[in-house]
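Right, one structure below, let's go through it.
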Amino acid sequence: MTTEDTSSNEVQRNTAKERRKEWRKTMSDRTFSLEDPPNNDELNISSTSFRQDQSSLECRLEHIPFYSWIESNLTILRTYLIRRGLNEQDINDKEQTIINNLKTYLQELNEIENKENDLLQARIRAILDECIHLNRLLKLDYGIQKIENEELTLFQQLKEANNQLEKINEVLKIKLEEINQLKLIEEKLCNKLHEQSIEFDNEVDQMPYDKRQEILEQHIQDLQNLQHDRSSAIEQARKQIHEMKIELDLDNTYNQPTDNNQVLSLIDGPVHLIELSKTNVEHLRTIANELDTLYQANRIKAEHLVNTLNALYERLNLTDSDKYIKLPLDKPHRPANLILLEKEIDRCKELRRQNMRTYIENIRDEIFAQYEKCFYGREQMESFLPLYSNEFTEESLEEHEKELEEINMYYIHNEQLFVNLANWHEVWAEYREFQRQASDPDRFKRRGYSAVQEEKQRKHLEFSLKKLQDTVVQLSKEYEHEFGYQFLVEGVPVQDFFNNEKENYSQEKELERARKQLARGQTPTMTHAQSNIKRLEMSTKTPGRQQTNIGKESEIKATTPFRPTSGIHKR
């Protein structure tokens with residue numbers, strides 16, 4: 001070895017010693033700074049994960065052995081390279097290559113760990129989002145915001161998030177069990193009622209579970225009410241059909257096709273096996289309504305037949321022994337009784353044909369009685385000419401029956417008017433009697449007489465008359481508006497009738513006062529009473545049936561209305 005090589009090696013050894021001294025001096029402060037510290041971008045450190053200043057890049061005490069080991073191995077490497085004969089530049093290049101490789105590896109490792117942290121944070125965020133979503137659906141009040149805390153590590157945050165999600169899932173499990181129980185009840189009811197169940201789309205539907213439970217409970221309540229209504233409807237329809245079977249004398253097919261076993265099972269099958277569908281309910285109701293329509297038709301027919309037979313009995317003056325059916329007949333609407341009624345009516349019609357005159361005369365009595373109830377005037381009575389005819393034929397009988405039917409319908413349609421009018425007549429008669437007694441001067445001598453009570457009764461009668469008159473006038477206007485012609489009372493318009501009654505009463509009072517004055521030898525002071533005496537006397541006469549000699553046929557004049565005594569309206 002030459003002197004130059006020896007001196008060069010010595011210089012290198014001295015340099016290494018100086019650098020070791022410098023390193024030991026630096027290490028005495030427990031931390032040291034890197035000569036070429038990496039920047040933040042190279043380390044890829046998140047500001048949210050770490051908040052560090054320049055001091056964060058200082059080596060910690062526990063890392064000193066690692067850095068010492070690196071420094072020692074670099075020194076040994078340098079020694080080997082120097083001994084090999086490499087110059088300083090080559091040695092520095094190799095050291096820099098090793099440092100660069102170490103930096104690259106550390107950067108790659110940091111990137112991997114950073115990605116792991118990002119994945120962990122994304123997982124925590126996904127769990128927290130699920131917690132927030134379930135919190136909203138379950139309406140819970142858990143402190144989810146406290147989990148994302150910088151003081152907690154990511155693993156701690158993940159653990160807290162998982163614990164929170166586990167707690168929420170426990171609540172969710174209980175809530176889902178409650179909802180599933182409701183769904184089972186709903187499904188059972190829907191199957192029985194043949195109705196559509198409610199479906200919730202968990203992926204799309206963001207409805208809270210309490211709201212879902214409330215909707216299900218309400219739907220179940222509606223289904224239960226519907227079940228009760230349909231059960232009641234089916235029970236009522238079946239009961240009605242069974243009743244109609246008796247009333248209409250039906251067989252076990254209920255007027256239905258014999259091969260329709262489904263319908264027959266709805267009527268007679270076990271109730272608990274019947275599907276409470278809308279179709280079945282409507283089917284049973286339709287059958288019940290059809291049978292009820294037939295039943296009502298039979299009732300109307302029976303009522304008509306009974307009335308017809310009763311009228312025949314009365315007009316034929318049949319004794320009980322001559323009546324084959326004793327009225328009122330029990331349950332005349334049943335088919336067997338309808339046949340009996342029709343046969344009896346046919347028999348009575350044959351008797352009627354044999355006693356036509358007596359029968360028609362009895363109908364005339366009924367017509368005149370109805371005329372009086374309807375307050376017909378003389379001209380109205382005489383307008384029906386067959387009433388005064390001497391022909392007693394089938395055609396005449398049909399005309400009389402038609403007239404009786406029309407006058408009966410006329411009375412029924414205006415019954416309220418006629419009842420009020422009859423009440424007015426009664427109160428009017430009472431008022432006239434009251435006025436007669438109130439004009440008696442001897443009333444003051446009667447025991448218990450009270451002028452106050454008399455005036456009170458007067459006002460009451462006048463008020464009643466006014467109220468009844470207004471009612472009759474109003475009803476007559478409604479009649480005239482409906483039919484388009486005037487309503488007549490005893491042949492004159494309603495208002496004229498009331499005016500005539502009051503005028504006649506005033507004239508009667510004048511006539512009575514004049515008679516009393518004549519009786520006292522005084523000259524009567526009348527206005528037009530004397531000229532109306534004859535008219536008043538004639539107005540009180542009521543035409544009646546002409547008297548006939550025994551054994552002779554009575555002659556009925558067309559100009560004289562036939563009014564039997566039983567039909568005269570008394571006022």
Side-chain angles (χ1 to χ4, degrees), residues 364-388 400 403-433 435 461 464-511 528-529 531-546 557-571:
R364 286 175 177 175
D365 288 344
E366 295 181 30
I367 292 175
F368 272 108
Q370 201 66 12
Y371 280 168
E372 293 295 335
K373 287 177 64 177
C374 295
F375 298 92
Y376 266 36
R378 185 186 186 95
E379 292 182 0
Q380 289 175 294
M381 295 180 186
E382 293 176 348
S383 63
F384 181 54
L385 297 179
L387 198 62
Y388 315 106
H400 280 75
E403 176 68 10
L404 181 60
E405 183 179 358
E406 290 178 355
I407 191 64
N408 285 336
M409 294 300 298
Y410 175 66
Y411 178 82
I412 292 172
H413 188 273
N414 302 286
E415 184 175 5
Q416 187 178 3
L417 193 155
F418 292 130
V419 169
N420 281 278
L421 191 56
N423 291 338
W424 183 89
H425 273 290
E426 293 178 2
V427 177
W428 178 242
E430 185 179 353
Y431 177 76
R432 293 176 61 175
E433 178 61 21
Q435 287 290 80
L461 291 173
S464 298
L465 285 172
K466 180 67 168 55
K467 183 177 180 181
L468 289 169
Q469 180 176 335
D470 291 343
T471 303
V472 171
V473 171
Q474 178 61 32
L475 291 174
S476 66
K477 289 181 179 179
E478 293 176 3
Y479 173 88
E480 292 168 1
H481 178 73
E482 180 179 357
F483 294 98
Y485 51 86
Q486 273 190 329
F487 184 85
L488 302 179
V489 180
E490 297 187 356
V492 297
V494 174
Q495 194 59 54
D496 292 344
F497 166 77
F498 288 121
N499 293 337
N500 292 341
E501 287 289 329
K502 293 176 182 179
E503 183 180 355
N504 291 340
Y505 177 61
S506 299
Q507 292 177 359
E508 288 176 5
K509 288 198 299 182
E510 286 186 16
L511 182 60
H528 55 283
S531 61
N532 292 327
I533 290 176
K534 186 175 181 180
R535 185 182 62 82
L536 290 174
E537 291 176 349
M538 292 298 296
S539 65
T540 58
K541 296 180 181 180
T542 303
R545 182 182 298 179
Q546 294 181 352
K557 299 180 180 179
T559 57
T560 305
F562 174 73
R563 302 182 66 186
T565 307
S566 60
I568 298 176
H569 178 75
K570 298 178 181 179
R571 296 196 300 272

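Basis for what follows: all heavy atoms, side chains included, without hydrogens, waters or symmetry-related copies. We're numbering straight along the sequence, starting at 1.
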Heavy-atom closest pair (M381 atom, Y388 atom, distance to 0.1 Å) is O-OH, 2.6 Å
Of all heavy-atom pairs between L465 and W428, which one has the smallest distance, and what is that distance?
-> CD2-N, 3.6 Å
Could you tell me the separation between the CG atom of D470 and the CG atom of N420, rounded to the nearest 0.5 Å?
-> 11.0 Å
Out of Q474, E480, H481, which one pairs with E478 under the side chain to side chain contact (heavy atoms under 4.5 Å, CB included) rule?
-> Q474
Step by step, work out the side-chain contact (heavy atoms from CB on, under 4.5 Å) result for N423 and E426.
-> CA-CA 5 Å; N423 291 338; E426 293 178 2; 4.1 Å; yes
Heavy-atom count around E482 CD within 6.0 Å, excluding the residue itself: above 12?
-> yes
Quick one: side chain to side chain contact (heavy atoms under 4.5 Å, CB included) partners of L488, sequence neighbours excluded?
-> Q380, Q486, P493
Which distance, rounded to the nearest 0.5 Å, do you find between the CZ of F384 and the CZ of R364?
-> 8.5 Å
For N500 and V492 the tightest heavy-atom approach is ND2-CG2, 4.3 Å
Go through the steps to decide whether F497 and F487 satisfy the test ring-ring contact (aromatic ring centres under 6.0 Å, His included), and finish with yes or no.
-> CA-CA 11 Å; F497 166 77; F487 184 85; over 10 Å; no
Using side chain to side chain contact (heavy atoms under 4.5 Å, CB included) as the criterion, list what pairs up with E406, not counting sequence neighbours.
-> K402, E403
Rounded to the nearest 0.5 Å, the CZ atom of F375 sits from the CG atom of L417 at a distance of 9.0 Å
Going by distance alone, is a donor N or O of one side chain under 3.5 Å from an acceptor N or O of the other, for E366 and Q370?
-> no
Output, in order, the C-alpha distance, side-chain angles, deciding distance and verdict of side-chain contact (heavy atoms from CB on, under 4.5 Å) for F418 and L475.
-> CA-CA 10 Å; F418 292 130; L475 291 174; over 6 Å; no
Does some side-chain heavy atom of K502 sit less than 4.5 Å from a side-chain heavy atom of Q469?
-> yes
N499: what forms a side chain to side chain contact (heavy atoms under 4.5 Å, CB included) with it, not counting sequence neighbours?
-> Q495, D496
So which heavy atom on L387 is nearest to which on Y371, and how close?
-> CD2-CE1, 3.8 Å
Interatomic distance, CG@L511 vs CD@E508, rounded to 0.5 Å, equals 8.0 Å
Give, for atom CG of L421 and atom CD of E490, the distance between the pair rounded to the nearest 0.5 Å.
-> 8.0 Å
Kindly compute the distance separating NE2 (H425) from CG (L468), expressed to the nearest 0.5 Å.
-> 11.0 Å
Note: Y411 and V419 closest approach over all heavy atoms is OH-CG2, 4.3 Å
Distance-minimising heavy-atom pair for Y410 and C374 | CD2-SG, 3.8 Å
